[in-house]
Protein chains: 2
Amino acid sequence: MARTVKGPDARRERWKGHREQRRAEFVDATIAAVAKKGPDVGMDDVAAEAGVSKPVLYRHFTDKADLYLAVGQKATEVLMDRMGPALAADGSIRDRIERIVDAYLSVIEENPNLYRFVVKGSFADRPVEKDVVAEDKNLIAATLARIIGDYLRAFDMDSGGAEPWAHALVGMVQNAGDWWLDRQTMSRANLSDYLATIIWHALDGLLRSAGVEIDPATPLTPLRLVD
Amino acid sequence: MARTVKGPDARRERWKGHREQRRAEFVDATIAAVAKKGPDVGMDDVAAEAGVSKPVLYRHFTDKADLYLAVGQKATEVLMDRMGPALAADGSIRDRIERIVDAYLSVIEENPNLYRFVVKGSFADRPVEKDVVAEDKNLIAATLARIIGDYLRAFDMDSGGAEPWAHALVGMVQNAGDWWLDRQTMSRANLSDYLATIIWHALDGLLRSAGVEIDPATPLTPLRLVD
DNA sequence: AGTAACCGTTACCTCAAGTAACACTTACCG
DNA sequence: CGGTAAGTGTTACTTGAGGTAACGGTTACT
């Protein structure tokens, strides 16, 4: 019964920010460990990298899955930071698509180990329950779905396809990027161009079939894309 | 029987077929175990399902990864068996695309547990080395790449994009299917239609930009698609 | 002074993958 | 027929990584 209902004991709040910072520190250590020892690092490796022993890690992450999830979120942040400007930028539609795609590719190109770790390594033995990467893909797809839906509605078109479209696009770019990262048989610019071409044509065809004509070079930006 | 070959020593050959059969049997047991106990089965579970103890399993599969790989290959066979006819079928291009996509979706719809096991469960703790699902995706993508490349060359177009195209398409359908399987918010036919629309428009746009016009309803089949 | 939060350690537990050692069966070979 | 190369199977073990227990030290609010 030590839980006296006094005022908000400052001792409880004092660390609020500190804990966050510590988690971030361990996430960084994990990323460093991954870079050093490949994508199959264990908790001991991570702890060692952070200059600490295992139990300390477990005070901040309930689970290996929890740690991996945090790493995934960090990676998503990096990704979003890079893609945000591309999403918001102006310019022709075709160019903007290409820039967004290229932003994604540039991130995975710069952090191949981290990328593999997040996308492939996933939860080592814990079952499907908490899929690490699914969360992030869903976040991106959801963002995209909103944008696409807004566009479709702006043109008075059926917006029911926005979600499948978004997931289709995410999978498309992700898988093509994955392949590219493994066997780098073409330049990044080249792949970005191919992918953007597919996407642009799909979009253009869809609009055409609804009677809307868009010039690929039109700098049209009828909607605010990001809040 | 009556395998009376006067070769070197028939004792070595006698089992050749039998081993294959036994492996297949264990693969089936794994699939059954997955259906029963979810995608996170262990080797003991599989062995029990097969009515056998663990070491027997390890006489036929070097590894957990090896077993999983075999399961993945089996799943790919199922998939290919279903998609083969759709690939070879005649009919309009737009219809054929839709039929291929729908064939894929029907397979994952009918075997959701197996699908999840293969695509997500992957290698439990063995590192990235032998990615289970990557092999299968690559196989499908390679098949597709050949078809696309043949088409592009038939129209005297740059065929360098065939491979990225193929991987993009595979990722697109796979990810959209994945999403659909989780939250079934639309009918399969509906999703097939959306995806086929995207693909068709992308294809049509590509051809248009090269000066080729194709009617979506044209039953054109200029190439044999499967050997 | 008391105590609630953190810091950190070493030594342990657990559980599933994988192995050792041992015994039985079949059927080809000389 | 004895020998042997394959396969059948078992129980009981080792190993390694995830995760925990129990202990002690430090800071700073009350």
Side-chain angles (χ1 to χ4, degrees), chain A residues 1-23 25-26 29-30 33 37-69 121-127 129-130, chain B residues 1-23 25-26 29-30 33 37-69 121-127 129-130:
Chain A
M1 264 328 222
R3 198 74 193 82
T4 52
V5 204
K6 281 284 186 71
D9 189 336
R11 272 170 297 190
R12 232 172 54 242
E13 305 297 312
R14 196 174 42 142
W15 301 95
K16 274 281 161 83
H18 188 255
R19 290 186 56 92
E20 292 293 313
Q21 189 183 340
R22 209 75 212 288
R23 271 180 71 104
E25 181 186 314
F26 286 129
T30 307
K37 314 194 58 170
D40 54 340
V41 285
M43 295 302 261
D44 283 307
D45 299 299
V46 172
E49 177 68 35
V52 137
S53 66
K54 245 189 320 180
V56 180
L57 219 49
Y58 281 96
R59 289 229 187 75
H60 296 271
F61 301 90
T62 69
D63 228 345
K64 187 180 179 175
D66 190 25
L67 172 60
Y68 283 17
L69 188 67
S122 293
F123 49 98
D125 55 352
R126 280 297 166 203
E129 312 289 287
K130 277 284 176 194
Chain B
M1 284 313 226
R3 197 75 189 84
T4 56
V5 177
K6 51 203 66 180
D9 188 340
R11 272 170 297 188
R12 230 172 57 243
E13 304 298 311
R14 197 174 42 144
W15 301 95
K16 276 280 161 85
H18 187 254
R19 289 185 58 90
E20 292 293 313
Q21 189 182 341
R22 208 77 212 287
R23 270 178 73 102
E25 182 185 314
F26 286 130
T30 307
K37 313 194 60 170
D40 54 341
V41 285
M43 294 302 259
D44 283 307
D45 298 300
V46 172
E49 177 68 34
V52 137
S53 67
K54 242 189 324 178
V56 180
L57 219 50
Y58 281 96
R59 289 227 188 77
H60 296 270
F61 301 90
T62 69
D63 228 345
K64 187 179 178 176
D66 190 25
L67 172 61
Y68 283 17
L69 188 66
S122 294
F123 50 99
D125 54 354
R126 280 297 165 201
E129 312 291 286
K130 278 283 175 195

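Note that the structure is a prediction, hence the values are computed from the model and not measured. In what follows, every heavy atom counts, from backbone to side chain, and hydrogens, waters and symmetry copies are set aside. We name chains A, B, ... by the order of the sequence lines, and we start the count at 1 in each one.
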Engineer: Examine distances only and state if a side-chain atom of A:Asp45 and a backbone atom of A:Val41 form a donor-acceptor pair shorter than 3.5 Å.
Structural biologist: no
Engineer: Begin from the C-alpha positions of A:Lys64 and A:Val46 and carry the test side-chain contact (heavy atoms from CB on, under 4.5 Å) through to its verdict.
Structural biologist: CA-CA 11 Å; A:Lys64 187 180 179 175; A:Val46 172; over 6 Å; no
Engineer: On the nucleotide C:dC6, are OP1 or OP2 found under 4.0 Å from the side-chain N or O atoms that A:Arg19 carries?
Structural biologist: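 True: A:Arg19 side-chain N/O within range (under 4.0 Å) of C:dC6 OP1/OP2.
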Engineer: Could you state the atom-to-atom distance from CG of A:Asp44 to C1' of D:dT15 in whole Å?
Structural biologist: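 Those two atoms, CG and C1', are 14 Å apart.
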Engineer: For the side chain of A:Asp63, starting at C-beta, report the closest nucleotide among D:dG19, D:dG9, C:dT19.
Structural biologist: D:dG19
Engineer: Are OP1 or OP2 of C:dA5 and a side-chain N or O of A:Arg59 less than 4.0 angstrom apart?
Structural biologist: no
Engineer: Between P on C:dT19 and CG on B:Asp66, what's the gap in Å once rounded to a whole number?
Structural biologist: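 To the nearest whole Å, that distance equals 12 Å.
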Engineer: Nearest whole angstrom, please: distance from the C1' of D:dT8 to the CD of B:Gln21.
Structural biologist: 15 Å
Engineer: Under 3.5 Å, is there any donor-acceptor pair linking the side chain of B:Lys64 to the base of C:dG18?
Structural biologist: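 Absent.
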Engineer: Can you find a side chain N or O atom of B:Ser53 that sits less than 4.0 Å from OP1 or OP2 on D:dG9?
Structural biologist: no
Engineer: Whole Å only: how far is the CZ atom of A:Phe26 from the P atom of C:dC6?
Structural biologist: 13 Å
Engineer: With respect to the phosphate group of D:dT8, does any side-chain polar atom (N or O) of B:His60 fall under 4.0 Å of OP1 or OP2?
Structural biologist: yes
Engineer: Check for a donor-acceptor pair, side chain of A:Arg23 on one end and backbone N or O of A:His60 on the other, with a separation under 3.5 Å.
Structural biologist: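 Judged by distance alone, yes, a pair lies under 3.5 Å.
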Engineer: What is the distance from CZ of B:Arg22 to C1' of C:dT25, rounded to the nearest Å?
Structural biologist: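 After rounding, the gap between these two atoms is 13 Å.
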Engineer: Give the rounded distance in Å between these two atoms: CZ of A:Arg23 and P of C:dC6.
Structural biologist: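 Value for this atom pair: 13 Å.
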Engineer: Would you kindly give the NZ-to-P distance between B:Lys54 and D:dA12, to the nearest whole Å?
Structural biologist: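 Rounded to the whole Å, the gap is 13 Å.
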Engineer: Check the distance between D:dA17's P and A:Met43's CE and give it to me in whole angstrom.
Structural biologist: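 Nearest whole value for this atom pair: 13 Å.
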